Engineer: 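Supplied in structure tokens, the structure appears directly below.
Atoms considered below: every heavy atom in the structure, side chains included; atoms not considered: hydrogens, waters and symmetry mates. Every chain is numbered from 1, with letters handed out A, B, ... down the list of sequences. Treat the numbers as computed from the prediction; the structure is a model and nothing was measured.
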Protein chains: 2
Amino acid sequence: MRPVPSTIAAKLKAAAVPIAERGLDQTKIEELAEASGIPKATLYYYFTGKEEILAFLLTDLLTEIAGAVAVASEAPGTARERLVGIVTAQLRVMATQPAVCQALLADLGRAGRVPEIAVAVADAFYTPVERVLAEGAADGSLRKVQDPVATSMAIFGAVTITGLHYLIRGTPLDPKQAAKHLTGVLLDGLARKDRG
Amino acid sequence: MRPVPSTIAAKLKAAAVPIAERGLDQTKIEELAEASGIPKATLYYYFTGKEEILAFLLTDLLTEIAGAVAVASEAPGTARERLVGIVTAQLRVMATQPAVCQALLADLGRAGRVPEIAVAVADAFYTPVERVLAEGAADGSLRKVQDPVATSMAIFGAVTITGLHYLIRGTPLDPKQAAKHLTGVLLDGLARKDRG
DNA sequence: CCGGAGTTTGTACTCACGGTACAACCTCCA
DNA sequence: TGGAGGTTGTACCGTGAGTACAAACTCCGG
């Protein structure tokens with residue numbers, strides 16, 4: 001993959017739309033060309049194929065998420081508050097870039113198969129959550145869970161699948177609102193509190 | 001799609017393995033034929049193509065899950081206990097049929113695009129959880145959540161993505177154990193209880 | 001202003017694979 | 001025993017991914 005100039009990278013984002021709608025395999029290269037306004041021959045000048053185009057879009061997205069999450073992870077306050085911030089940040093990007101996010105989440109298998117993307121997903125989602133869980137156990141704002149890795153996986157699932165549903169159904173996603181509800185459930189739990 | 005005899009249906013299950021490994025689009029019909037021991041021509045006698053073969057495997061799987069979940073939903077005890085039973089049942093099927101489950105969860109976008117499968121997913125996952133949440137609010141074993149639909153989506157995500165990770169990594173999945181941890185987190189929440 | 005390096009793009013091509021057509025054969029039952 | 005329907009091999013077609021390549025265009029150093 002040749003270094004991709006920013007003009008191309010910018011145009012390319014529109015290519016995520018047909019991919020989100022139909023899936024990569026049901027999307028012809030010609031459609032990617034059409035959607036992005038970049039001729040097929042030029043696409044092949046920079047990328048070796050469809051897969052690589054999607055990988056480029058996804059790593060771009062995941063870098064952005066990782067950045068926003070890193071900021072939220074540095075915020076002052078309790079770990080519990082930062083967890084809310086992290087989830088909000090993740091949902092915010094989903095609201096901003098619905099198509100690429102849908103392309104990622106609707107085909108998680110591909111992400112798992114491409115090591116580069118798998119790592120980026122971990123950096124953007126699991127790892128920060130895992131850390132904030134540990135911080136919460138330390139500062140007393142979160143309880144100590146038995147298996148932080150499994151727990152961060154569960155949180156990842158809850159957040160992304162919730163977001164994915166909004167994206168698929170096309171209903172507008174209010175990140176703050178959704179994060180509030182989601183973390184409300186995740187933090188307080190579903191069980192009725194006997195003494196709360 | 002012609003009615004599929006049980007002999008064919010049984011053999012066909014093996015076709016889920018290459019699909020889980022590589023994804024449907026990276027799997028040739030010839031490979032499905034090889035994996036299942038059913039010649040290509042016979043596959044096309046019963047199905048109109050790859051998509052339909054996968055759809056058949058998925059509806060079969062989802063019917064099974066829906067059945068197991070229905071049983072768990074009828075169990076005596078509190079709604080809270082039934083919720084644990086439902087999650088356990090879902091994870092149990094994932095442990096029993098790893099390949100098909102992976103094929104489903106690693107490509108949720110496809111499920112969303114095929115109405116038949118989307119409905120089956122709802123029947124196997126959301127709807128029962130949504131109902132047990134309502135029952136829990138009624139019998140007092142679960143707290144009243146603001147948005148039961150969104151909550152059941154989050155639960156769906158937590159359960160399936162957790163399961164998917166086990167499947168992708170190939171680590172053995174103990175349904176009881178995993179369900180215990182998962183529902184532990186979901187029921188009690190991540191926040192430290194001030195008075196528990 | 002020239003020339004060359006790298007970029008952009010159109011066009012023509014190859015080839016793998018999904019899917020179809022069809023005929024031979026087999027099985028089972030009336 | 002004959003015919004309907006299931007099973008399978010083989011030959012074929014069309015689509016679309018990816019390649020090859022050359023023409024044109026941009027930009028920069030001399």
Engineer: When you compare the protein's N or O atoms with those of nucleotides 25-30 of chain C, which come within less than 3.5 Å of each other, and at what distance?
Structural biologist:
none

Engineer: List every contact pair, protein side and nucleotides 11-18 of chain C side both N or O, where the distance is under 3.5 Å.
Structural biologist:
{"residue": "C/dC17", "atom": "OP1", "partner": "B/K28", "partner atom": "NZ", "Å": "3.0"}
{"residue": "C/dG18", "atom": "OP1", "partner": "B/K50", "partner atom": "NZ", "Å": "3.4"}
{"residue": "C/dG18", "atom": "OP2", "partner": "B/I29", "partner atom": "N", "Å": "3.3"}

Engineer: Please name all residues satisfying side-chain contact (heavy atoms from CB on, under 4.5 Å) with A/E135, sequence neighbours left out, ordered by chain then number.
Structural biologist: A/A79, A/R82, A/R131, A/V132

Engineer: Identify, with sequence neighbours excluded, every residue that meets side-chain contact (heavy atoms from CB on, under 4.5 Å) alongside A/A9.
Structural biologist: A/V4, A/F56

Engineer: Run the side chain to side chain donor-acceptor pair (under 3.5 Å) test against B/Q97 and tell me which residues pass, sequence neighbours left out.
Structural biologist: B/E64

Engineer: Give every residue pair that meets the ring-ring contact (aromatic ring centres under 6.0 Å, His included) criterion with at least one member in residues 137-159 of chain B, sequence neighbours excluded.
Structural biologist: B/F125-B/F156, B/Y126-B/F156

Engineer: Considering residues at least two apart in sequence or located in another chain, which fulfil the side-chain contact (heavy atoms from CB on, under 4.5 Å) criterion with B/I168?
Structural biologist: B/Q102, B/L164

Engineer: Restricting to nitrogen or oxygen on both sides, can you table the protein-nucleotides 3-5 of chain D pairs closer than 3.5 Å?
Structural biologist:
none

Engineer: Once side-chain contact (heavy atoms from CB on, under 4.5 Å) is applied, do any residues pair with B/E21, and if so which ones, sequence neighbours excluded?
Structural biologist: B/V17

Engineer: Just to verify, what does B/K28 make a side chain to side chain donor-acceptor pair (under 3.5 Å) with, not counting sequence neighbours?
Structural biologist: none

Engineer: Would you mind telling me which residue lines up with the more 5' stretch of DNA chain D, A/E51 or B/R2, judged by nearest nucleotide?
Structural biologist: B/R2

Engineer: Quick one: list whatever passes side chain to side chain donor-acceptor pair (under 3.5 Å) with B/D139, sequence neighbours left out.
Structural biologist: B/S141

Engineer: Please enumerate all residues that pass side chain to side chain donor-acceptor pair (under 3.5 Å) together with B/E34, with sequence neighbours excluded.
Structural biologist: none

